[in-house]
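Each remark here refers to the structure printed beneath this line.
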Amino acid sequence: MLNKKCAKKVLEEMIALFPNAEPELNFKNRYQLLVAVLLSAQTTDIAVNKVTPALFEAYPNPASLAKASPEELMPYLQTIGLYRNKAKYLHLCANQLMERHQGEIPSNRKDLEALAGVGRKTTNVVLSVGFGIPAFAVDTHIHRICLHHKIVDPGASVRQVENRVMEVVDKDQWIQAHQSLILFGRRICHPRNPECHNYPQLFTCQEEE
DNA sequence: AACTCGGGGCA
DNA sequence: TGCCCAGAGTT
């Protein structure tokens, strides 16, 4: 894999290609953030945004959501993939928020990851975006581009990518880097037929260690 | 570690 | 139209 200096250079060139990338999910508070990210698991942010306004109007907080049965949640989730599971996890998650955290969104990794439907990526988004706590959320786009551009060793896990990016990118850029790198993965470094070769600045620093 | 889930998006 | 996707849970 690239040494630290080149990994930093390559990541910064990727980020510079999408300097103004903004979060695509619509949310107004931590509860909405958690729910929106939870729902976005197997779908696009755009699909989630179509559903959340009505969902948040009907269920503005964990307390109201916890009272809803999975069946009642289904109509809001029909247009999203895996709606049965999402309804189940959403229902469970809201009840866990009430029982364990008095309806507040926990601010630590252990409690967040223990919630139904909440895994490592969702946890890192809530920590970093919702609470300003240093964390870096690695999705499959970021995982892929880091493998493709040798930011990490071949076969590196999500956790290894997470640690490498945090090691290499300045902490105050983590949230922006997350957004920019996702766009780089979607628009340029696709799973198949990546167009990275059109961006020679990505290949100027290739020293490995 | 491999498998499952299931509609949306893209070739 | 058919293949692949993304992230969490399950086995």
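Below, chains carry the letters A, B, ... as their sequence lines are ordered, and counting in each starts from 1.
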Sugar-phosphate, base or nothing in reach of T122(A), heavy atoms under 4.0 Å: sugar-phosphate

Residue met sooner reading DNA chain B from 5', once N85(A) and T44(A) are mapped to nucleotides: N85(A)

dG9(C) to dG8(B) separation - P atoms, rounded to the nearest Å: 23 Å

Protein-nucleotide distance (L39(A), atom CG; dA8(C), atom C1'), rounded to Å: 13 Å

salt_bridge(E167(A), R164(A)) N-O dist < 4.0 Å: yes

Gap between atoms NE2 and P, on H190(A) and dG9(B) respectively (whole Å): 16 Å

Interatomic distance where CG belongs to L90(A) and P belongs to dA8(C) [whole Å]: 14 Å

Gap between atoms NZ and C1', on K86(A) and dG8(B) respectively (whole Å): 12 Å

Heavy-atom side-chain contact between E22(A) and Q179(A) under 4.5 Å: no

Out of dG6(B), dA6(C), dG8(B), whichever nucleotide has its closest atom nearest the side chain of R144(A): dA6(C)

Any R192(A) side-chain nitrogen or oxygen under 4.0 Å from OP1 or OP2 of dC5(C): yes

Euclidean distance for P, dC4(C) against dC3(B) (whole angstrom): 15 Å

Interatomic distance where CD1 belongs to I142(A) and C1' belongs to dA6(C) [whole Å]: 13 Å

side-chain N/O Y83(A) vs dG6(B) OP1/OP2, d < 4.0 Å: no

Sugar-phosphate only, base, or nothing, as touched by L115(A) at under 4.0 Å among non-hydrogen atoms: sugar-phosphate

Contact under 4.0 Å: T140(A) side-chain N or O vs dC5(C) OP1/OP2: no

Proximity to the side chain of Y89(A) - top-ranked nucleotide from dG9(C), dA6(C), dG8(B): dG9(C)

Distance, rounded to the nearest Å, where L77(A) contributes CG and dG8(B) contributes C1': 15 Å

Between C1' of dA8(C) and CG of L112(A), the distance in whole Å: 15 Å

SG atoms of C6(A) and C205(A) less than 2.5 angstrom apart: yes

Atom pair distance, as rounded to whole Å: CD1 in I46(A) and C1' in dG7(B): 15 Å

Check: V129(A) and L33(A) side chains under 4.5 Å, non-hydrogen atoms: yes

First of T43(A) and A116(A) reached from the 5' end of DNA chain C, by closest nucleotide: T43(A)

Between F184(A) and H148(A), ring centroids under 6.0 Å: no

